[in-house]
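Below is one structure; the comments refer to it alone.
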Number of protein chains: 2
Amino acid sequence: MTIETGHAAHSCGAVQRKGRASRRAPQPAGPAELRKILLFSNVDESTLSRLSADAKIESFHDGDQLFRQGSPVTDLPFVVSGYVKLLRIAPSGRQTLIAIRSGGEMIGEAPTGPDEIHTVSAEAVGATKVLKLPATRFIRLLKESPSLCAAVMRESKDSIGRLMGEVESLKSQNADQRLARFILLLCPPGEDRCRFRLPYDKRLIAARLGVKQETLSRAFAKLRAHGVRTETRNVHVESVSHLADQCDRLGQRARSAFGRRNAEKRHDAA
Amino acid sequence: MTIETGHAAHSCGAVQRKGRASRRAPQPAGPAELRKILLFSNVDESTLSRLSADAKIESFHDGDQLFRQGSPVTDLPFVVSGYVKLLRIAPSGRQTLIAIRSGGEMIGEAPTGPDEIHTVSAEAVGATKVLKLPATRFIRLLKESPSLCAAVMRESKDSIGRLMGEVESLKSQNADQRLARFILLLCPPGEDRCRFRLPYDKRLIAARLGVKQETLSRAFAKLRAHGVRTETRNVHVESVSHLADQCDRLGQRARSAFGRRNAEKRHDAA
DNA sequence: CGCCGACTTGAGCAATCTCAATCATGGTGG
DNA sequence: CCACCATGATTGAGATTGCTCAAGTCGGCG
């Protein structure tokens with residue numbers, strides 16, 4: 001686990017990076033934009049249009065901070081394009097990646113009352129567009145729209161499920177297995193042999209998997225033996241099904257000579 | 001990470017353990033019982049009494065399974081007394097501890113619609129009493145009571161926050177640090193020097209921290225140098241504040257001879 | 001008294017990290 | 001067009017953490 005940020009060594013305050021000019025020129029957004037957000041896919045039309053009244057779309061550059069852990073929640077942001085890192089920052093200053101949000105996903109938590117506080121920091125990965133809804137309006141509509149309420153509850157459960165999966169994989173899988181599972185997630189469904197591009201650089205992937213960059217690199221090397229080729233950001237999987245099969249075996253002890261199969265039945269944490 | 005269950009090597013199906021007789025004699029429960037549940041602390045009286053109509057209290061023995069991952073959600077359970085483990089079970093059969101629920105806490109997720117499926121398995125730790133609300137009634141009231149809705153959303157956010165903390169600590173702390181933090185959590189607030197009992201056995205604590213039992217044992221041994229004594233289940237902390245201070249230092253590399261302090265500024269995963 | 005389960009301890013090994021060097025790549029300026 | 005630099009990625013070597021196996025302690029209970 002634990003990877004350095006590479007560039008933004010400080011990343012405190014909404015620092016503008018790379019000296020580019022055009023940062024943060026809020027654009028208005030309408031119901032059409034909102035409808036593209038997963039959370040709203042089942043929300044009724046009228047709520048949606050009321051929600052979109054003060055919606056704004058903002059652009060960020062790589063490393064820009066969207067909000068900081070401990071600061072008050074003033075609005076509810078969603079990723080329109082690009083990626084956003086969610087980080088926990090310990091008192092020591094140590095930053096730990098908690099999750100990465102991509103297009104259509106909510107960043108942070110839906111506020112349900114006034115005076116809430118961010119429990120994580122959020123930072124743009126590459127050029128990113130974000131749609132922001134003012135928290136106050138959102139909170140008001142939450143009280144009036146059951147369909148919005150239901151959507152938020154569904155989203156929360158999703159989020160809980162994903163985090164539990166994260167805990168499970170950190171507790172029970174090694175780096176090779178986590179990488180294999182990560183790759184399987186990226187494979188377009190349907191084809192057994194496939195080719196795609198990694199969504200972000202390997203430093204970030206390493207942090208996402210909770211390993212050092214060097215360890216990730218070695219894990220990729222190990223997967224070559226199982227039909228996974230990489231050229232920088234491009235990945236080629238010879239057989240998705242075969243990789244999925246191997247996934248378990250990657251956890252097997254490297255077996256010093258004669259192996260005493262304690263086949264299956266490994267009780268992990270219980 | 002990863003600990004064996006010790007006893008219930010199979011734990012499949014609602015197995016009755018230890019051959020005791022008196023298992024599962026559902027008792028009715030009233031609003032008074034519900035009020036003790038954290039989730040309901042701010043729910044209005046009328047909703048609460050309607051909710052309690054079909055509430056039942058059931059008793060379980062150590063190792064009994066309350067529900068199984070993948071099975072349909074028929075009711076919403078809460079811990080009245082004792083502890084309940086939440087486990088994820090991989091296709092390989094490997095079980096991973098996700099969380100431990102204690103008195104007043106909700107087990108599993110609040111159902112928001114029909115036909116939901118459990119995403120974890122739940123198993124009693126020691127003798128445990130559980131309050132169950134039928135899912136259908138709960139779902140109905142959720143649609144009618146904004147205060148119940150709000151309570152569920154608050155609970156979800158809590159849960160998300162705790163899971164994020166879990167991910168953070170698994171990614172960024174070693175076994176010693178995790179144990180130190182765990183102990184600090186158990187210390188009664190106020191006193192600097194304190195003494196208390198561990199809530200469950202060390203095998204379970206190890207699983208909770210994501211390490212093997214032997215590793216936990218060694219971590220306890222290391223903490224003795226920082227004023228933490230243990231006699232089986234009793235813990236004595238000489239100075240809570242001192243332990244809290246040491247917490248960070250426990251992560252420091254054991255420093256082979258001359259140490260190049262790279263004091264602070266460790267960017268973990270980002 | 002003897003067994004069993006929980007816990008501890010020791011020894012060796014595997015996974016991962018750290019440090020450091022190297023390599024590839026894309027962009028920049030001359 | 002090319003030398004040069006910054007950044008990301010890879011690789012090697014050695015240190016450290018945590019795991020596995022195995023034995024031993026301790027306390028309770030039949």
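As the structure is a prediction and not an experimental result, all values here were calculated from the model. Residue numbering restarts at 1 for every chain, and letters A, B, ... go by the order of the sequence lines.
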Donor/acceptor link under 3.5 angstrom from B:Gln213 side chain onto base of D:dC19: no
Give a yes/no answer on whether the side chain of A:Lys222 brings an N or O atom under 4.0 Å of OP1 or OP2 in C:dA15. no
Please report the distance, rounded to the nearest Å, between CG in A:Leu198 and P in D:dG8. 15 Å
Write down the distance between CG (B:Leu209) and P (D:dG18), rounded to a whole number of angstrom. 11 Å
Let me know the distance between CZ of B:Phe220 and P of D:dT25, rounded to the nearest Å. 22 Å
Under 4.0 Å between a side-chain N/O of A:Lys212 and OP1 or OP2 of C:dC19, yes or no? no
Among A:Val237, A:Val235, A:Ile183, find the residue that satisfies the side chain to side chain contact (heavy atoms under 4.5 Å, CB included) test when tested with A:Leu223. A:Ile183
In terms of the angle between their ring planes, are A:Tyr200 and A:Tyr83 parallel, tilted or perpendicular, with boundaries placed at 30° and 60°? perpendicular
NE2 of A:His61 to OG1 of A:Thr128, rounded to nearest 0.5 Å, is 9.5 Å
Answer with yes or no whether A:Glu214 presents, from its side chain, a donor or acceptor under 3.5 Å of a partner atom in the base of C:dC19. yes
Nearest of C:dT18, C:dT8, C:dT9 to any side-chain atom of B:Lys202? C:dT8
Using only modelled atom types and a 3.5 angstrom limit, is any donor from either the side chain of B:Arg218 or the base of D:dT20 paired with an acceptor on the other? yes
Closest nucleotide of DNA chain D for B:Thr232 versus for A:Thr230: which of these residues is on the 5' side? A:Thr230
Can you tell me if B:Lys202 uses its side chain to pair, donor with acceptor, with the backbone of B:Thr232 under 3.5 Å? yes
In this structure, how many angstroms lie between the P atom of D:dT17 and the CG atom of B:Asp176, rounded? 8 Å
Rounded to whole Å, how long is the line connecting atom CZ of A:Arg233 with atom P of D:dT7? 16 Å
Nucleotide C:dA6, atom P - distance to CG of B:Leu216 in whole Å: 14 Å
May I have the distance from A:Glu231 (atom CD) to D:dG8 (atom C1'), rounded to whole angstrom? 16 Å
Using whole Å, report how far CG of A:Asn234 lies from P of C:dT25. 12 Å
Expected output: side-chain A:Arg229 to main-chain A:Arg224 donor-acceptor under 3.5 Å: yes
Under-4.0 Å side-chain N/O to phosphate OP1/OP2 contact, A:Ser217 with D:dT10: yes
